[in-house]
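Contents: one structure, followed by commentary.
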Amino acid sequence: MDHDGQRGSSTPSAMLASLLSRRAKLQEELRIIERQVYDMETSYLQDPSQCGNVLKGFEGFLSSSKNTALLKRSRKFQPEDRLFSLSSVTSPAAEEIAAGRDEKSDYGPGRSRGGGYFANGQGKPKKGRAREAKRMRNSSEPDYDYDDDPDEKLRMQRKNEPVEEKEEVPVYWLETTDTVTRRYEFETNGYLSVKVVNDSRPVYHRVVESFLNKFFPSGYPYSVNEGYLRYTQFRALQHLTSAALSVLSTQSLLFAAGLRPTPAQATAVSWILKDGMQHMGKLICSNLGARMDSEPKRWRILADVLYDLGTGLEVLSPLCPHLFLEVAGLGNFAKGMAVVAARATRLPIYSSFAKEGNLSDLFAKGEAISTLFNVVGIGVGIQLASTVCSSMQGKLVVGPLLSIIHVYSVVEEMRAAPVNTLNPQRTAMIVADFLKTGKVSSPADLRYREDLLFPGRLIEDAGNVKVGRALHKVVKPSELLEWKEIFPEEKFVLSRGNKWTDMLLEHNASGEDALRGWLVAAYAASTEKSFHEPSASVLQDAYEKMNNIFTPFLSELRSKGWHTDRFLDGTGSRFAF
């Protein structure tokens, strides 16, 4: 079977469209062949030069006087005489016979619905009734003779027939898996709808599937990238411990203020106090957005550390009631910064899991999980506040424990996220792996190797490249002009130092430009380490090596899921000519 129409079709709707197009093409080819057989058969049955045919016999050879009559008689043939055409149910002859039957049933035997023409095979009126046939013909219709043109008669018959609109048959199928039968159907807009027809599973399995549908993206686990389940598990634990800590901190604040509330009162008042003095922290943290884009994992962890710090100050506020405003204000200041950092890094983290462009679905399901475990955490906090943590000693024991679990959950949550944007650390790791193994690492390969506390560390195998220093502090004007003369088309500048190589980027440099510069620096560092050649020739050789491998390297990089259109260097300095 020819699969040219299906090659490259990755979705059921595209495959279906390809098969329907192929079927239409085959039907058209069949129609052309059947028309050719019909025309050749007509010519054979009507040919006056022959002395008979396979249907009427070959009596024309008996005598010349008899031959003329036989030839005339041989031209009279019925549609049923078309043996070759009638071997196919879709041939013009089969349609002609079907049309003749419809006419006879509608208008009586021998009369067509065209106003006096008889369906006797050639359209001639019978002998003795020519005048009647002419009288029955509509005067406004031209007098056609179809004796020698059966195709014209067939076209006229088809023209008079009403056109029936074909109804679109819905394309659907049933699939049974684990005693669950589902009906899959393509909708008019091309999307695939799924409906459960029969479900004989135990109630437990139904509840589990309902939970997955409520708190996991549609199509899970195939619609998300690797690591999403582990990320979600620790995210749930993080929100649970955070909510419990919030209840304890609010209770402590009210004690410090001179109140003796119940745990339920602490929960209700927490929604008012948490927004009281956070605005200044939010304003200060909002200026660090570029750094959060470059290192979203690091800032996400820092956000939760700040949150725990602010919560800890609130828990300790009863120890110094005379400094209530200072301690509570500082705690809320830290929590305000944490809120901005956490929200700012949420989008790049979710984007790293959006395998099918389902970012909104991921965001909605993530918020559902956060809400659920926040409620559970509030319940746990109320229980702790009324029992173990009813005294200050209990808070000093349980508070740090919850904080440790909270920070650990965030760290594991961030390690599981495969961020697919290029920043200095991830670019250096990609280049180092490529030079050592010849393979390009995927975001999932690097996620557990990222340094979340010190992301700016130098990697020797990647050339010890440092990005973002000011141009006037790194390169002299003469060196810059010399570089632009040698590499006028490049949007990066390299300056080799004693301990590292500085790379400076132009304002409009992309991730591809940063990769080109990093590869040149890595090749140059490797050559200088081995042969100690002069710097100019080393850069030329490194540049040629980079150009030889860059195209396949970039293609492999994109196929692994990396975004190469941008290079997120934080607040690094860039230049422009």
With no hydrogens and no angle check, is any side-chain donor or acceptor of [X] less than 3.5 Å from a backbone partner on [Y]?
X    : Y    : answer
S403 : G399 : no
N423 : S294 : yes
S526 : A522 : no
R574 : A509 : yes
K395 : C389 : yes
W562 : S441 : yes
D513 : S510 : yes
N358 : D361 : no
S21  : S18  : no
W299 : T345 : no

Next item on the list: Quickly, which of W483, Y523, F487, F492 forms a ring-ring contact (aromatic ring centres under 6.0 Å, His included) with Y543? Name it, please.
Entry: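 Exactly one pass, corresponding to F487.
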Is the shortest side-chain heavy-atom distance between [X] and [Y] below 4.5 Å?
X    : Y    : value
R447 : K297 : yes
K466 : M503 : no
V431 : L435 : yes
T421 : R426 : yes
I459 : M429 : yes
D308 : L245 : yes
H406 : L237 : no
V410 : F234 : no

Rounded distance (nearest 0.5 Å) linking atom [atom1] of [X] with atom [atom2] of [Y]:
X    : Y    : atom1 : atom2 : value
L402 : L248 : CG    : CG    : 6.5 Å
R230 : R415 : CZ    : CZ    : 7.0 Å
R235 : I349 : CZ    : CD1   : 10.0 Å

Checklist line | Reference residue R566; test side-chain contact (heavy atoms from CB on, under 4.5 Å); the match among D569, L568, T564 | finding: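 Only one of D569, L568, T564 forms a side-chain contact (heavy atoms from CB on, under 4.5 Å) with R566, namely L568.
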Is it the case that over 12 heavy atoms from other parts of the model lie below 6.0 angstrom from the [atom1] atom of [X]?
X    : atom1 : value
Y448 : OH    : yes
R346 : CZ    : yes
R469 : CZ    : yes

Checklist line | Presence of salt bridge, E314 and K335, under 4.0 angstrom | finding: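 Yes, this pair counts.
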Item checked: Residues D461, K436: salt bridge by 4.0 Å N-O rule ->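 The answer is yes: the pair qualifies as a salt bridge.
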Margin query: In terms of relative ring orientation, are Y231 and Y350 parallel, tilted or perpendicular, with 30° and 60° separating the classes?
Written below: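 Judged by the thresholds at 30° and 60°, the geometry between Y231 and Y350 is perpendicular.
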